[in-house]
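Working notes, beginning with the structure itself.
For ligands, and for the atoms within them, numbers begin at 1 and follow the listed sequence.
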Amino acid sequence: MKSTGKFITFEGIDGAGKSTHIAYVAERLQTHLQKQGINVICSREPGGTPLGEILRELLLQQKMHLETEALLMFAVRREHIAQLIEPALVRGDWVISDRFTDASFAYQGGGRNLSLDKLNTLEKWVHPHLQPDLTLLFDVPLEVARARLDATRELDKFEQEKADFFAATRQEYLRRAAEFPQRFRIIDSTQTIAAIRLQLDQLVDELLDSTQLA
Ligand code: TYD
């Protein structure tokens with residue numbers, strides 16, 4: 001696959017606040033890129049395709065064996081890459097995904113303790129040559145994330161997990177960020193929305209500069 005578009009992922013434990021910032025980044029990028037006829041496409045995992053959205057319902061509500069959960073996450077991802085991500089990148093469009101493979105490492109690997117070897121095998125199978133160009137990791141202490149979740153919504157299967165699950169999930173995200181510093185940027189999500197936006201503006205500018213599309 002020869003791709004000219006960029007692939008950006010947003011990550012963080014539930015309640016870290018990433019969803020609030022996706023629309024903002026997408027809009028800023030679109031404003032800059034439309035002169036070049038480039039579209040910015042927002043998607044999410046699990047989900048992103050009609051089949052993926054059906055599987056999302058099951059994944060977020062049904063209890064299942066840990067390996068079934070991991071395999072389904074990667075099955076959703078395979079479909080997402082085939083139907084949406086690769087065709088968009090080949091066209092030269094940019095894709096922003098609310099979660100991608102780092103979430104499988106963090107939740108199924110860190111949170112549920114599935115071996116990283118198995119996750120590495122699945123990653124190599126499903127996307128041997130694709131990695132995000134940029135991953136924004138929204139990081140917050142567990143208590144802050146928990147308070148935000150409790151205040152805002154009815155909790156799904158993952159959101160009902162206990163503190164030690166999220167501690168392990170967060171730790172694996174931070175381990176991945178340290179392992180792949182060239183694509184990860186950690187955002188301290190205890191900051192105000194305005195302060196985070198300033199940081200996001202800077203990241204968007206850097207990204208556009210690096211692709212000479214500013
Ligand atoms: P999330 O992205 O937080 O959506 P919302 O903001 O609507 O709740 O929900 C997706 C959940 O799926 C989240 O709890 C993390 C989990 N997940 C995994 O466990 N593994 C994965 O590979 C992915 C992509 C998500």
Side-chain angles (χ1 to χ4, degrees), residues 7-26 42-49 51-85 95-116 118-127 130-132 135-140 142 144-176 187 189:
F7 181 35
I8 303 167
T9 57
F10 280 60
E11 300 283 357
I13 60 171
D14 291 278
K18 66 186 165 44
S19 309
T20 317
H21 299 290
I22 291 180
Y24 179 76
V25 169
C42 286
S43 192
R44 68 172 179 182
E45 288 197 2
T49 64
L51 176 61
E53 291 294 325
I54 292 169
L55 293 171
R56 178 185 174 93
E57 288 300 308
L58 293 171
L59 279 161
L60 264 52
Q61 305 307 335
Q62 295 277 322
K63 286 216 184 324
M64 57 185 77
H65 188 278
L66 158 63
E67 293 191 353
T68 310
E69 186 178 277
L71 288 163
L72 278 177
M73 290 291 180
F74 275 94
V76 169
R77 187 160 297 133
R78 186 67 196 93
E79 194 68 11
H80 192 201
I81 292 168
Q83 302 294 340
L84 188 146
I85 300 173
V95 177
I96 298 182
S97 187
D98 185 345
R99 301 192 186 282
F100 191 62
T101 294
D102 296 307
S104 299
F105 277 86
Y107 281 78
Q108 282 66 51
R112 300 222 198 283
N113 224 5
L114 180 62
S115 87
L116 298 188
K118 286 187 174 163
L119 288 163
N120 278 318
T121 302
L122 288 172
E123 180 180 27
K124 280 207 194 85
W125 180 8
V126 168
H127 56 97
L130 175 72
Q131 285 298 334
T135 298
L136 302 181
L137 173 57
F138 289 79
D139 185 54
V140 276
L142 303 191
V144 178
R146 174 54 59 194
R148 282 183 187 162
L149 279 182
D150 289 345
T152 51
R153 51 180 143 175
E154 217 171 288
L155 304 181
D156 67 35
K157 183 182 89 179
F158 292 101
E159 291 163 349
Q160 287 169 23
E161 289 288 345
K162 302 259 176 331
D164 54 352
F165 174 89
F166 284 109
T169 302
R170 182 185 184 204
Q171 203 180 354
E172 176 60 15
Y173 266 135
L174 291 170
R175 192 194 66 75
R176 301 266 300 166
I187 299 191
S189 207

Show your working on ring-ring contact (aromatic ring centres under 6.0 Å, His included) between Phe138 and His21 and close with a plain yes or no.
CA-CA 10 Å; Phe138 289 79; His21 299 290; 5.3 Å; yes
Quick check on Glu53: does its CD atom have over 12 non-hydrogen neighbours (other residues, nucleotides or ligands) under 6.0 Å away?
yes
Would you call Arg176 and Glu11 a salt bridge, taking side-chain N to carboxylate O under 4.0 Å as the test?
no
Any ion pair linking Arg77 and Glu45 (charged N to carboxylate O, less than 4.0 Å)?
yes
Does the side-chain contact (heavy atoms from CB on, under 4.5 Å) test come out yes or no for Cys42 and Ile22, once each step is laid out?
CA-CA 8 Å; Cys42 286; Ile22 291 180; 4.1 Å; yes
Just to confirm my output: which protein heavy-atom neighbour is closest to [atom], and how far is it?
{"atom": "atom 5 (P) of ligand 1", "answer": "Arg153 NH1, 3.5 Å"}
{"atom": "atom 14 (O) of ligand 1", "answer": "Asp14 OD2, 2.9 Å"}
{"atom": "atom 7 (O) of ligand 1", "answer": "Arg56 NH2, 3.2 Å"}
{"atom": "atom 17 (N) of ligand 1", "answer": "Met73 CE, 3.5 Å"}
{"atom": "atom 19 (O) of ligand 1", "answer": "Gln108 NE2, 2.9 Å"}

Looking only at heavy atoms of Lys18, does any of them come nearer than 4.0 Å to an atom of ligand 1?
yes
For Glu161, side-chain contact (heavy atoms from CB on, under 4.5 Å) partners two or more places apart
Arg112, Phe165, Phe166
Applying a 4.0 Å heavy-atom criterion (strictly less than), which segment of Arg99 is in contact with ligand 1: side chain, backbone, both, or neither?
side chain
Using a 4.0 Å heavy-atom threshold (strictly under), name the region of Pro46 that reaches ligand 1: side chain, backbone, both or neither.
both
Suppose I only count heavy atoms of Glu159 and a 4.0 Å limit; which atoms of ligand 1 are within that range?
8 (O)
Within a distance under 4.0 Å of any heavy atom of Glu45, pick out the atoms of ligand 1 and give their elements.
24 (C)
Going by the closest heavy atom to atom 24 (C) of ligand 1, which one wins out of Arg77, Glu69, Glu11, Arg44?
Arg77
Given Ala70, Gly111, Gly12, Ala103, identify the one with the heavy atom nearest to atom 23 (C) of ligand 1.
Ala103
Glu123 and Gln131 side chains, donor-acceptor separation under 3.5 Å
yes
Do Asp14 and Tyr107 have a side chain donor and acceptor closer than 3.5 Å?
yes
Just say parallel, tilted or perpendicular for the rings of Phe100 and Phe7, cut-offs at 30° and 60°.
perpendicular
Report yes if Ser104 has an N/O atom closer than 3.5 Å to an N/O atom of ligand 1; otherwise report no.
yes
